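Since we're looking at a predicted model, the values are computed, not measured.
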Amino acid sequence: MNWIILIIAGLFEVGFASCLGKAKETSGTESYLWYAGFLICLTLSMLGLIKATQSLSIGTAYAVWTGIGAVGTVLIGIFVFKEPATFWRLFFISTLIGSIVGLKSVSH
């Protein structure tokens with residue numbers, strides 16, 4: 001169950017990074033709404049990480065959490081914010097995913 005909580009917390013990390021990107025593109029009230037979304041996602045992400053680390057090792061949990069956030073944010077950047085999807089960018093994202101899977105597989 002804590003692995004599922006950790007994955008959800010990682011997805012909320014993607015959410016708070018995405019909200020920052022959208023807030024940068026907007027102004028006025030809309031910008032404040034994106035910042036509110038940032039704070040909500042940040043809070044939920046941190047609470048999920050705290051809950052997951054009650055039974056998972058902190059090193060593995062933190063690496064998986066940040067990895068989900070990093071990979072998800074890069075993918076959002078490519079698909080939503082139209083950032084470039086170069087070969088090397090995708091190559092290193094692939095190695096990061098492999099590392100996350102490896103950490104999960106060797107964790108107890």
Side-chain angles (χ1 to χ4, degrees):
M1 183 64 182
N2 283 312
W3 281 106
I4 294 170
I5 291 170
L6 185 63
I7 291 168
I8 293 169
L11 294 174
F12 276 112
E13 185 181 6
V14 174
F16 76 71
S18 300
C19 286
L20 283 178
K22 292 301 278 185
K24 184 176 75 170
E25 293 180 347
T26 59
S27 61
T29 304
E30 187 177 357
S31 179
Y32 292 124
L33 292 173
W34 284 111
Y35 286 126
F38 163 79
L39 291 173
I40 292 166
C41 288
L42 176 67
T43 301
L44 292 172
S45 181
M46 292 296 164
L47 290 173
L49 180 62
I50 290 167
K51 175 68 176 147
T53 57
Q54 290 175 349
S55 68
L56 303 174
S57 68
I58 186 70
T60 301
Y62 185 74
V64 170
W65 178 76
T66 57
I68 292 168
V71 170
T73 302
V74 169
L75 293 175
I76 292 293
I78 291 169
F79 292 113
V80 175
F81 296 107
K82 307 300 182 210
E83 295 175 357
T86 63
F87 169 80
W88 288 112
R89 199 166 194 208
L90 297 175
F91 172 78
F92 287 116
I93 286 297
S94 298
T95 61
L96 182 57
I97 292 168
S99 298
I100 293 167
V101 170
L103 274 173
K104 198 296 189 194
S105 68
V106 299
S107 296
H108 301 285

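Cluster annotation: V71 and V80 are assigned to distinct hydrophobic clusters (Ile/Leu/Val/Met/Phe/Trp/Tyr, side-chain heavy-atom contacts under 4.5 Å, transitive). Residues V74 and I97 are members of one and the same hydrophobic cluster, defined by side-chain heavy-atom contacts under 4.5 angstrom among Ile, Leu, Val, Met, Phe, Trp and Tyr. Linking ILVMFWY side-chain heavy atoms closer than 4.5 Å, directly or via other members, places V14 and Y35 in two distinct hydrophobic clusters. Under the 4.5 Å side-chain heavy-atom criterion for Ile, Leu, Val, Met, Phe, Trp and Tyr, W3 and I100 are members of the same hydrophobic cluster. Grouping the Ile, Leu, Val, Met, Phe, Trp and Tyr side chains by contacts below 4.5 angstrom, directly or via other members, places I68 with F79.
Annotation for A61 and T53: closest pair CB-CG2, 3.7 Å, computed over non-hydrogen atoms. A23 approaches S31 most closely through the heavy-atom pair O-OG, 3.5 Å. Of all non-hydrogen atoms in L96 and A70, the two that sit nearest each other are CD2-CB, 3.9 Å. Between C19 and G37, the shortest heavy-atom contact is SG-C, 3.7 Å. Scanning all heavy atoms of the two residues, the minimum distance from T73 to A17 falls at OG1-CB, 3.6 Å. For the residue pair F16 and F38, the shortest heavy atom distance occurs at O-CD1, 3.3 Å.
One finds the CG atom of L103 at 8.0 Å from the OG atom of S105 (value rounded to the nearest 0.5 Å). Here the CD1-CD distance, from I76 to E83, works out to 10.5 Å after rounding to the nearest 0.5 Å. Rounding to the nearest 0.5 Å gives a distance of 12.0 Å between CG of L11 and CG of L44.
Side chains of L49 and E13 form no contact here, defined as non-hydrogen atoms less than 4.5 Å apart. Contact check for I78 versus L90: side-chain heavy atoms found under the 4.5 Å cut-off. Between L20 and W34, every side-chain heavy-atom pair lies at or beyond the 4.5 Å cut-off. Side chains of Q54 and N2 form no contact here, defined as non-hydrogen atoms less than 4.5 Å apart.
Other residues, nucleotides and ligands place more than 12 heavy atoms under 6.0 Å from the CZ atom of F87. Within a 6.0 Å sphere centred on OH of Y32, other residues, nucleotides and ligands contribute 12 heavy atoms or fewer.
Between the side chain of S45 and the main chain of L42, no donor-acceptor pair closer than 3.5 Å is present.
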I'd like to know whether F12 forms a side-chain contact (heavy atoms from CB on, under 4.5 Å) with L47, so could you lay out the CA-CA distance, the side-chain angles of the two residues, the decisive distance to 0.1 Å, and finally the verdict. CA-CA 10 Å; F12 276 112; L47 290 173; over 6 Å; no
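Ring geometry for Y62 against W65 counts as tilted: the plane angle lies between 30° and 60°, on a 0 to 90° scale.
L56 pairs with exactly one of L6, V64, I5 by the side-chain contact (heavy atoms from CB on, under 4.5 Å) rule, that one being L6.
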